[in-house]
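For reference, positions follow the sequence shown, starting with 1. Fair warning: this is a prediction, and the values are worked out from it, not measured in the lab. Just so it is clear, the values below take in all heavy atoms, side chains as well, and ignore hydrogens, waters and symmetry mates.
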Amino acid sequence: MKTLIFLGGLLLSTSAFTAQLNLELGANSRTWQTDELLTHPQTQTLTITNDVSYKRDMSYRAVPLAALLTGIKPDDHLQAVALDGFAAELAAAPLLNAKGARAWLAIEDPAKPWPALSAGKPSAGPFYLVWTDPQAGNISPEQWPFQVASIKRLAPVAERFPALLPDPALKADDPIKQGFALFQKNCLACHRLNGAGDAQFGPDLNVPFNPTEYFAADFLKRYIRDPQSLRQWPQAKMPGFSAQVLPDGDLDRLVGYLKHMAGRKQITPE
């Protein structure tokens, strides 16, 4: 029995050291192991103030994400997929920044494991996308995916999911089109719309009903700002979007996109 316990502990320890991050970047695809990332020449210790997931200051060993995105260009589109299937849609340009809001891949050291996210929950590891100076880029909570398993280069959301598109007759600078961009950044990681998207968590935001059809406008905006101010339950996962992350004008444009899409319902086959 003692031998089995010892072997089980050894396997758990080994698996922690051999956590894998899969980068699916076309010709520059590669798999990184935890120990390789911890010894990467650009890895350093950094402090994240008021970490989005832990709600307090945290210290991490982290490497600039741009150092791992070989061959990625600013106009590329990426998707970070977590162990539980959470899929964050990410424009590449902010991830490549060397100044202002800067993206880092935090690496959980098995010898110094991170705390649990909450009671009975795992940590944010083995890999977690964090930001320094996020206010400089209006970085959304959805741009902080944790328990990351892979990062993929994909076609833009509009090409992959045409059912999300607003009326093509709209002008390029129409606020509804700007709202569509905000929807991709802030909502698509958790919600589908018209059945379109890769999200597995939140409800569809258009079928059978769009939230603009059953929320008064002011209450919908309040819900987006602070979900638990209207609906409270222990397992709630939707973050609040502060005015610092989603300014009032952007919130108006996001709600405008949702209201517009209420008139463009369709069912996307699974």
Side-chain angles (χ1 to χ4, degrees), residues 11-44 46 48 51-53 58 60-98 102-114 116-117 121-131 139-157 159-161 184-185 188-190 192 196-201 237:
L11 285 171
L12 287 173
S13 175
T14 301
S15 65
F17 272 101
T18 56
Q20 295 184 344
L21 175 70
N22 296 313
L23 298 183
E24 301 176 24
L25 309 178
N28 294 299
S29 296
R30 78 164 283 179
T31 297
W32 289 89
Q33 309 290 336
T34 298
D35 51 353
E36 292 178 305
L37 289 166
L38 286 170
T39 57
H40 189 283
Q42 294 191 49
T43 296
Q44 59 185 273
L46 60 98
I48 300 297
D51 181 279
V52 164
S53 298
M58 291 290 293
Y60 298 108
R61 292 291 289 168
V63 62
L65 188 58
L68 307 178
L69 298 179
T70 305
I72 294 298
K73 299 178 176 60
D75 58 353
D76 284 334
H77 183 85
L78 300 172
Q79 183 188 73
V81 182
L83 293 172
D84 61 3
F86 178 92
E89 301 289 343
L90 302 166
L95 303 177
L96 301 176
N97 283 345
R102 192 176 187 191
W104 300 77
L105 184 77
I107 309 129
E108 185 174 26
D109 185 343
K112 300 175 183 178
W114 301 337
L117 289 166
K121 300 291 184 182
S123 75
F127 309 111
Y128 176 24
L129 200 165
V130 302
W131 296 80
I139 300 302
S140 162
E142 305 305 315
Q143 292 172 279
W144 294 68
F146 53 81
Q147 297 178 351
V148 175
S150 65
I151 298 176
K152 309 175 183 180
R153 183 175 66 183
L154 297 174
V157 167
E159 292 182 22
R160 286 159 42 222
F161 304 115
Q184 295 174 63
K185 176 181 177 182
L188 197 55
C190 292
R192 297 187 182 198
D198 290 326
Q200 305 293 328
F201 297 97
K237 294 183 178 181

I need the R192 CZ to D198 CG distance, nearest 0.5 Å. 6.5 Å
Check whether any side-chain heavy atom of R153 sits under 4.5 Å from a side-chain heavy atom of E24, and report yes or no. no
Taking the side chain as C-beta and beyond, is there a heavy-atom pair between L129 and Q143 under 4.5 Å? no
CG (L25) and NZ (K152) are apart, to the nearest 0.5 Å, by 11.5 Å
Anything under 30° is parallel, anything over 60° is perpendicular, the rest tilted; go ahead and classify H40 against W32. tilted
Can you see which heavy atom on F161 is nearest to which on A196, and at what distance? CB-CB, 3.9 Å
How long is the span from the CZ atom in F127 to the OG1 atom in T34, to the nearest 0.5 Å? 3.5 Å
Between the CG atom in D76 and the CG atom in L96, the distance rounded to the nearest 0.5 Å is 8.0 Å
Between R102 and N97 the two heavy atoms that sit nearest each other are CG-O, 3.3 Å
Please find the pair of heavy atoms, one from I107 and one from A62, that lie closest to each other, and give the distance. CD1-CA, 4.1 Å
Is there a side-chain contact between I48 and W104 in this structure, where contact means two heavy atoms from C-beta onward sitting under 4.5 Å apart? no
Let me see the working for L95 and W131 under side-chain contact (heavy atoms from CB on, under 4.5 Å), right down to the final yes or no. CA-CA 9 Å; L95 303 177; W131 296 80; 3.7 Å; yes
Work out which heavy atom in W114 is nearest to a heavy atom in A124; give both atom names and the distance. CZ3-C, 3.6 Å
Might you point out which heavy atoms bring Q147 and P122 nearest each other, and give the distance in Å? NE2-CG, 3.0 Å
With T31 as partner, the option from L21, L23, N22 fulfilling side chain to side chain contact (heavy atoms under 4.5 Å, CB included) is N22
Side-chain heavy atoms of P126 within contact of L83, under 4.5 Å: yes
Between W144 and Y128, how do the two ring planes meet: parallel, tilted or perpendicular, split at 30° and 60°? tilted
Could you tell me the separation between the CG atom of L65 and the CG atom of L90, rounded to the nearest 0.5 Å? 8.5 Å
Passes side-chain contact (heavy atoms from CB on, under 4.5 Å), L68 versus I151? Steps please. CA-CA 10 Å; L68 307 178; I151 298 176; over 6 Å; no
For residues R61 and K112, determine if any side-chain heavy atom of one lies less than 4.5 Å from a side-chain heavy atom of the other. no
Validation row: F86, V148 side chains within 4.5 angstrom (heavy atoms): no
Side chain to side chain, L78 and L69, heavy atoms closer than 4.5 Å: yes
Q79 to E89 - nearest heavy-atom pair and separation: NE2-OE2, 2.8 Å
Quick one: NE2 on H77 to CD on E159, what's the gap to the nearest 0.5 Å? 10.0 Å
